[in-house]
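Note sheet for the following structure.
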Number of protein chains: 2
Amino acid sequence: MATLSSSYTIGTLARAAQVNVETIRYYQRRGLLPRPAVVGGGYRTYSETDLARLRAIKRAQHLGFSLEEIETLLSLNEETDRVKARNLAQDKVSLIDARIVQLMEMRNALAELVDCCRHGDTAAPCPILRALSA
Amino acid sequence: MATLSSSYTIGTLARAAQVNVETIRYYQRRGLLPRPAVVGGGYRTYSETDLARLRAIKRAQHLGFSLEEIETLLSLNEETDRVKARNLAQDKVSLIDARIVQLMEMRNALAELVDCCRHGDTAAPCPILRALSA
DNA sequence: CTAAACACCGTACTCAAGTACGGAGTCAAC
DNA sequence: GTTGACTCCGTACTTGAGTACGGTGTTTAG
């Protein structure tokens with residue numbers, strides 16, 4: 001019943017999507033997830049559609065998209081907006097590439113200092129600290 | 001006179017270090033940069049030492065350290081704290097490595113979708129959007 | 001029938017590294 | 001001798017993605 005029930009409270013939806021209840025409310029405030037109509041005593045009822053959307057958000061996050069970008073992505077039409085989606089994705093790839101290059105530069109500079117510290121003159125002052133202040 | 005003067009106001013120091021005045025004040029509030037004594041009419045006077053420290057902070061930032069870590073690093077002794085400095089640097093290298101791996105996973109997944117979108121059946125629904133919602 | 005668990009909502013707080021604002025005092029140039 | 005640029009300081013705002021809190025109403029299990 002957990003994964004195939006068609007109706008959720010916010011709590012069961014949160015557990016099903018592996019997300020915090022507050023996160024769902026936050027997405028609603030952002031307009032990323034609809035606030036379903038209240039039924040009966042003032043509780044909102046969620047559907048499989050809401051669960052699917054939460055999962056799509058998580059997948060997009062794992063691909064590196066921000067919530068704002070995800071809002072755009074999820075508003076696109078699968079049939080007619082292929083180019084838009086592809087452009088968004090391609091831009092993101094470029095951005096990630098740039099970030100990777102930057103991180104690799106950091107990493108290499110730092111690793112060299114560590115090496116230098118490990119194999120250099122043990123009596124000399126720390127090469128890492130010297131590199132910072134020189 | 002710009003780079004070799006030994007006395008600065010906060011504004012000239014900021015220009016010399018290529019940093020915003022507010023950033024200097026922020027570092028002072030954080031305790032990362034000392035607040036020099038006021039002289040004369042209530043203005044603080046900065047020295048080459050302050051400029052050197054600002055530059056060290058920027059270098060450390062470029063290597064990926066946070067201000068909190070930089071505070072620790074800059075409190076270390078070049079002679080006696082080699083091992084501590086090296087451990088901090090090595091930990092940072094590992095962290096950067098992990099982040100790079102994560103970004104490469106994103107990048108590859110995303111690039112594959114883009115490729116799929118570019119060379120796949122142009123009549124079919126967008127593979128990127130389908131990947132999100134499926 | 002009542003106590004625990006849950007839901008509702010608005011508001012405020014978190015982290016990091018700043019940036020911006022506002023009011024008051026000071027210094028230099030014309 | 002005043003205008004404009006600069007400094008002082010505390011406080012508040014920014015971004016992104018949530019998390020936490022507080023008060024009130026509801027549902028469910030025993």
Side-chain angles (χ1 to χ4, degrees), chain A residues 1 5 7-47 50 53-54 56-74 92 95 99 102 106, chain B residues 1 5 7-47 50 53-54 56-74 92 95 99 102 106:
Chain A
M1 165 169 163
S5 82
S7 171
Y8 304 89
T9 65
I10 199 171
T12 54
L13 178 67
R15 270 191 292 282
Q18 307 253 64
V19 153
N20 200 312
V21 168
E22 297 306 321
T23 300
I24 293 176
R25 293 198 195 286
Y26 170 64
Y27 289 171
Q28 292 176 336
R29 284 199 299 279
R30 284 197 60 127
L32 193 53
L33 201 65
R35 242 187 251 260
V38 293
V39 273
Y43 284 14
R44 297 183 187 278
T45 301
Y46 298 83
S47 69
D50 298 307
R53 193 166 173 95
L54 272 175
I57 292 170
K58 289 189 84 183
R59 267 181 229 112
Q61 281 187 313
H62 275 116
L63 289 171
F65 292 102
S66 70
L67 292 183
E68 190 174 2
E69 291 163 338
I70 293 169
E71 201 173 342
T72 303
L73 273 175
L74 295 187
K92 184 58 66 179
L95 225 112
R99 180 75 181 136
Q102 191 188 20
M106 278 183 189
Chain B
M1 165 166 166
S5 82
S7 172
Y8 304 89
T9 65
I10 199 171
T12 55
L13 179 66
R15 270 192 291 281
Q18 308 252 64
V19 153
N20 200 311
V21 167
E22 296 307 320
T23 301
I24 293 176
R25 294 197 196 284
Y26 170 64
Y27 289 172
Q28 291 176 336
R29 284 199 299 279
R30 284 196 60 127
L32 193 54
L33 200 65
R35 240 187 251 261
V38 292
V39 272
Y43 284 13
R44 297 183 187 279
T45 301
Y46 298 84
S47 68
D50 297 308
R53 193 168 174 96
L54 273 175
I57 291 170
K58 288 190 85 182
R59 267 181 228 112
Q61 280 186 315
H62 274 116
L63 289 171
F65 292 102
S66 70
L67 292 183
E68 189 174 3
E69 291 162 338
I70 292 170
E71 200 173 343
T72 303
L73 272 176
L74 294 187
K92 184 57 65 178
L95 225 113
R99 180 74 181 136
Q102 193 189 17
M106 279 183 189

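Chain letters run A, B, ... following the sequence lines, proteins first and then strands; every chain starts at 1. Worth knowing before you read on, the calculation uses all heavy atoms, side chains too, and leaves out hydrogens, waters and symmetry mates. None of these values were measured; they are calculated from a predicted model.
- With the nearest nucleotide of DNA chain D identified for both R35(B) and R15(B), R15(B) has the one nearer the 5' end.
- For dG18(C), the OP1/OP2 oxygens have no side-chain nitrogen or oxygen of R30(B) closer than 4.0 Å.
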When the side chains of residues 12-25 of chain B are checked against the rest of the protein, which donor-acceptor pairs come out under 3.5 Å, sequence neighbours left out?
{"from": "T12(B)", "atom 1": "OG1", "to": "T9(B)", "atom 2": "N", "distance (Å)": "2.8"}
{"from": "T12(B)", "atom 1": "OG1", "to": "T9(B)", "atom 2": "O", "distance (Å)": "3.0"}
{"from": "T12(B)", "atom 1": "OG1", "to": "T9(B)", "atom 2": "OG1", "distance (Å)": "3.3"}
{"from": "N20(B)", "atom 1": "OD1", "to": "E22(B)", "atom 2": "N", "distance (Å)": "3.1"}

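- Rounded to whole angstrom, the span from the CD1 atom of I70(B) across to the P atom of dA16(C) amounts to 13 Å.
- In this structure, the CZ atom of R44(B) is 15 Å from the C1' atom of dC6(D), given to the nearest Å.
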Donor-acceptor pairs under 3.5 angstrom involving side-chain atoms of residues 38-45 of chain B: please list them, not counting sequence neighbours.
{"from": "R44(B)", "atom 1": "NH1", "to": "P36(B)", "atom 2": "O", "distance (Å)": "2.5"}

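- Here the CG-CG distance, from L32(B) to L54(B), works out to 8.5 Å after rounding to the nearest 0.5 Å.
- For R25(B), no side-chain nitrogen or oxygen approaches OP1 or OP2 of dG18(C) to under 4.0 Å.
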Problem - Protein-to-nucleotide contact annotation, 5' to 3' order, nucleotides 18-27 of chain D [B base; S sugar-phosphate only; - none; under 4.0 Å, heavy atom] - result: BBBB---BBS
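- Atom CD in Q28(A) sits roughly 16 Å away from atom C1' in dA17(D) (whole-Å rounding).
- Across the protein-nucleic acid pair, I24(B) atom CD1 and dG18(C) atom P stand 12 Å apart, rounded to whole Å.
- Taking side-chain N and O atoms only, T9(B) has a distance below 4.0 Å to OP1 or OP2 of dT7(D).
- Residue L67(B) holds its CG atom at 11.0 Å from CG of L33(B), rounded to the nearest 0.5 Å.
- Between F65(B) and T72(B), every side-chain heavy-atom pair lies at or beyond the 4.5 Å cut-off.
- Rounding to whole angstrom units, CD1 of residue I10(A) and C1' of dA5(C) are separated by 15 Å.
- For residues 56-67 of chain B, the pairs satisfying side chain to side chain donor-acceptor pair (under 3.5 Å) are S66(B)-E69(B), with sequence neighbours left out.
- Note that the OH atom of Y27(A) and the CZ atom of R30(A) stand 9.0 Å from one another [nearest 0.5 Å].
- Qualifying salt bridge (charged side-chain N to carboxylate O under 4.0 Å, His left out) partners for E71(A), counting only residues two or more places apart in sequence or in other chains: none.
- Y8(B) has its side chain out of reach of D50(B): every pair of non-hydrogen atoms, C-beta onward, lies at least 4.5 Å apart.
- In the helix from dC1(C)-dG30(D) to dC30(C)-dG1(D), the terminal helix axes, each the rotation mapping four pairs' C1' atoms onto the next four within five end pairs, subtend 20°, rounded to 10°.
- Here dA17(C) presents its C1' atom at 13 Å from CD of E68(B), a figure rounded to the nearest Å.
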